[in-house]
Amino acid sequence: MSSTPGKPPAHGLRKGLTQYGDTEFSLFLRKAFIKGAGYTDDALDRPIVGIANTGSGYNPCHGNAKDLIEAVKRGVMLAGGLPVEFPTISLHESFAFPTSMYLRNLMAMDTEEMLRALPMDAVVLLGGCDKTVPAQLMAAASANVPAIQLVTGSMLTGSHRGTRVGACTDCRGYWAKFRGDQIDQEEIDAVNNALVPSVGTCSVMGTASTMACVAEALGIMLPGGATAPAVTADRIRVAEQSGQQAVAMAAAGITPNKLLTPKAFENALRVLLAIGGSTNGIIHITAMAGRMGIEIDQAALDRMGRETPVLVNLKPSGQHYMEDLHAAGGLATVLRELKPLLHLDALTVTGRTLGEELDLAPPPFAQEVVRPASHPIYPEGGIAVLKGNLAPRGAIIKQSAASPHLMEHTGRAVVFENMEDLVSRLDDPKLEVKAEDILVLKNIGPIGAPGMPEAGMLPIPKKLARQGVKDMVRISDGRMSGTASGTIVLHVTPEAALGGPLSLVQTGDQIVLSVSRRELRLEVSDAELARRAAQRPAAPLPPPEAQRGYRQLFMQHVTQADEGCDFDFLRATAMTATCPSNQ
Ligand code: FES
């Protein structure tokens with residue numbers, strides 16, 4: 001180690017010296033090598049701010065990384081620090097086989113170990129696309145290096161034949177029209193060119209936008225840092241200010257354990273509910289909290305949901321896009337409305353509290369994107385937690401994006417055993433399915449798929465889509481994109497691949513969904529379920545295995561959705577607090 005008992009902790013280049021058995025030689029050697037890049041002793045004596053660079057040719061959501069890093073460096077130097085960028089894994093939703101969630105924990109491990117291995121007094125985490133911000137914050141929580149989150153910002157919206165469009169709610173909407181023969185090949189090709197008109201993250205309140213807002217609510221991002229679009233001067237300014245703030249955080253010792261408290265996570269959950277945020281946000285917040293030894297209380301979360309209205313009118317729950325939320329004053333406009341429900345004494349990266357930052361925020365003005373709490377988009381929080389014999393450890397539904405007429409629904413199950421089964425039979429004209437049936441997809445959970453892909457929004461079977469059916473109740477142990485909508489029950493836990501009750505559902509069973517009672521019930525007797533379980537080829541099911549490598553690590557250690565799908569050995573060794581803590 002580079003620090004000696006009784007001496008102040010090492011900083012700058014003296015941090016984390018490579019071990020050669022001679023501390024001063026280790027420092028001598030390190031300086032000799034880095035001087036090869038042209039640094040002076042003056043530069044090397046400054047506080048070092050690492051910049052996690054997730055720019056990648058495979059990640060257009062991070063396509064502005066180069067410009068942002070330049071601005072961060074400027075900010076660090078303006079504050080008297082030395083910026084040093086370093087690469088980590090980068091994940092893009094559409095460029096990650098089998099699914100980005102499978103790789104989130106790998107990115108978290110990569111980032112955590114780099115934060116430990118490289119000498120830095122603080123770090124600016126540049127993320128953006130869905131899994132990158134959770135991975136970086138999970139890493140920061142565990143490494144406990146002063147850290148500030150910077151996001152790449154949302155992409156612009158496009159236009160298709162006079163209609164404003166944006167990824168990826170409109171991707172799904174137009175694709176559903178194409179499947180239902182409402183638009184032709186020429187039009188779907190034209191839409192494909194319009195959906196993503198610039199670099200940056202998805203322009204709706206999908207997972208990336210959700211996690212940006214969650215990071216700001218947690219206090220680990222600059223106030224006002226969540227919403228500036230990727231290609232704006234505001235975004236560049238946030239980057240410069242983040243660099244400056246990182247230097248201040250290093251001096252003040254503002255480490256993640258001072259920010260990521262139960263109160264901060266409760267604030268983040270409030271915001272997630274009020275923005276109509278992505279269901280994925282629940283999993284990621286659970287994983288981040290788990291790193292800090294904080295357990296998310298699902299029952300209390302559901303109570304919070306009942307008292308937290310959806311205020312933000314963004315797709316998929318509403319009408320607008322992220323650039324509109326930014327123009328409406330950003331997250332501060334939402335936080336101001338939520339004030340009575342927030343812990344205003346939670347600390348932020350500035351060293352001031354959330355309440356103090358809200359007092360400093362620009363004054364409110366008339367706008368149409370964020371509703372007052374007295375006139376919400378939806379009276380309850382966007383996400384409800386369901387329980388019942390089909391999901392003993394819980395399931396969730398994004399009620400703000402569901403169809404009102406399906407929220408209390410009993411229907412006949414039409415079961416697909418796995419993704420391959422779904423693909424081969426869903427559009428078969430001979431498939432017996434009606435609009436009032438419930439589509440059930442098994443084996444797309446954390447282990448089953450593996451990686452819990454965003455396949456929970458099963459397409460409407462073609463023959464029903466052609467009849468104009470737009471929504472059906474759909475149930476799975478998987479996830480869905482934050483940009484998707486419909487009456488979709490997700491994260492059924494325990495998953496089918498672990499022998500959860502979902503694995504026992506058969507076509508023809510009756511299933512009861514009652515969002516008002518928070519219930520998901522399989523109308524099959526316990527005796528019949530026990531009989532089915534006993535008749536399985538192996539009971540309990542042998543857990544899926546992998547022969548080697550990361551896949552083996554994943555299969556052996558990934559936890560279920562109610563524990564954030566983190567690896568068991570990466571969570572805190574003991575859960576010492578719950579969130580919300582005061583209910
Ligand atoms: Fe990157 Fe949507 S694909 S944010």
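Note that ligands are numbered from 1 as they come in the structure, with each ligand's atoms numbered from 1 the same way.
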query: Do the ring planes of Phe554 and Tyr102 sit parallel (below 30°), tilted (30 to 60°) or perpendicular (above 60°)?
result: tilted
field: Short side-chain donor-acceptor distance under 3.5 Å, Asp189 and Gln185
entry: yes
statement: For atom 1 (Fe) of ligand 1, angle spanned by Cys129 SG and Cys61 SG (nearest 10°) is 110°
Heteroatom N/O/S of His92 within less than 2.8 Å of atom 1 (Fe) of ligand 1: no
message: Out of all atoms in ligand 1, which are within 4.0 Å of some heavy atom of Ala208? Include the element for each.
response: 4 (S)
query: Quick check: does Cys168 put an N/O/S atom under 2.8 Å from atom 2 (Fe) of ligand 1?
result: no
field: Salt-bridge present (Asp130, Arg479; N to O < 4.0 Å)
entry: no
query: Under 3.5 Å, is there a donor-acceptor pair linking the side chains of Thr88 and Asp110?
result: no
task: Among all protein heavy atoms, pick out the one at the shortest distance from atom 2 (Fe) of ligand 1; state its residue, atom name and that distance to 0.1 Å.
output: Cys202 SG, 2.2 Å
- request: Identify, by atom number and element, the atoms of ligand 1 in contact range of Asp130, meaning under 4.0 Å from any of its heavy atoms.
  value: 2 (Fe), 4 (S)
- prompt: Between Thr493 and Asp562, does any side-chain donor sit less than 3.5 Å from a side-chain acceptor?
  reply: no
